[in-house]
*Asks:* 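Okay, handing you the structure first.
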Amino acid sequence: MKNTIYLIGFMGTGKSTIAGYLKQNHGRQIIEMDQVIEEREKMTISRIFEEKGEEYFRSLETELLKELHGRTGLVVSCGGGTPLRASNVDIMHKGGWVVFLTATPETVYERVKNSHNRPLLEKDKNISFIASLMGERQERYEAAADIVITTDGRSAEEICQEIIRKIEEKMALID
Ligand code: S3P
């Protein structure tokens, strides 16, 4: 039974904020993938990338998704790169609804410009690099998504209402 809500999307599209809102207002338990991985590895994401490499980090993401499969009532805030592996997307589709949050490169830049915990952006934190990496990933995000939601200039409440409504519409089609 599909139950988990998986939030995917580029860095800074609001996955953690929306997950927090779904926890508070819709009784979902949050799994913040980056945070779980940091706690388990006892290292920041930046250090994991630096010392063990991106592939190692990607394997930790896959392991975590496998573990979460079968649990109910979750909202999983995925890392921005989680849906780039096809096997991760397969696990997500079996367990729940994949919700792709979008934002323009300008919005993303505004949201990430003062943080330093995203190794892939640290050296090139500007709108044109964000636009180019987002462009490279766009097709895979879209292919993974059951539902696509724009976040620019919208409140968490508005976004969550749209998520819940669209999931209910999808579930009605299955019943
Ligand atoms: C990544 C996004 C980050 C984190 C890691 C890699 C990516 O998560 O998993 O830095 O490849 O887009 P957020 O999207 O939560 O920032």
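For ligands, and for the atoms within them, numbers begin at 1 and follow the listed sequence. The shown structure was predicted, so the numbers you read here are calculated from the model rather than taken from an experiment. Nothing fancy with the numbering, it's 1 onward along the sequence.
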*Asks:* With distance as the sole criterion, is a donor-acceptor pair present between the side chains of Thr4 and Arg71 under 3.5 Å?
*Replies:* no

*Asks:* Taking atom NZ as the centre, does Lys94 end up with more than 12 heavy-atom neighbours from other residues, nucleotides or ligands that are less than 6.0 angstrom away?
*Replies:* no

*Asks:* Glu136: what forms a side chain to side chain contact (heavy atoms under 4.5 Å, CB included) with it, not counting sequence neighbours?
*Replies:* Ser132, Leu133

*Asks:* Please lay out, stage by stage, how Trp97 and Lys166 fare under the test side-chain contact (heavy atoms from CB on, under 4.5 Å).
*Replies:* CA-CA 10 Å; Trp97 304 101; Lys166 288 193 167 165; over 6 Å; no

*Asks:* So what's ligand 1 close to, N/O to N/O, under 3.5 Å?
*Replies:*
residue  : atom   : partner : partner atom : Å
ligand 1 : 8 (O)  : Asp34   : OD2          : 2.8
ligand 1 : 8 (O)  : Gly80   : N            : 3.4
ligand 1 : 9 (O)  : Asp34   : OD1          : 2.8
ligand 1 : 9 (O)  : Asp34   : OD2          : 3.2
ligand 1 : 11 (O) : Arg58   : NH2          : 2.7
ligand 1 : 11 (O) : Gly81   : N            : 3.4
ligand 1 : 11 (O) : Arg137  : NH2          : 2.8
ligand 1 : 12 (O) : Gly81   : N            : 3.3
ligand 1 : 12 (O) : Arg137  : NH1          : 2.6
ligand 1 : 12 (O) : Arg137  : NH2          : 3.4
ligand 1 : 14 (O) : Lys15   : NZ           : 2.7
ligand 1 : 14 (O) : Gly80   : N            : 2.9
ligand 1 : 15 (O) : Asp34   : OD2          : 3.3
ligand 1 : 16 (O) : Arg118  : NE           : 2.7

*Asks:* When the ring planes of Phe57 and Phe49 are compared, do they come out parallel, tilted or perpendicular, using 30° and 60° as the limits?
*Replies:* tilted

*Asks:* Is the number of heavy atoms from other residues, nucleotides or ligands under 6.0 Å of Glu169 CD greater than 12?
*Replies:* yes

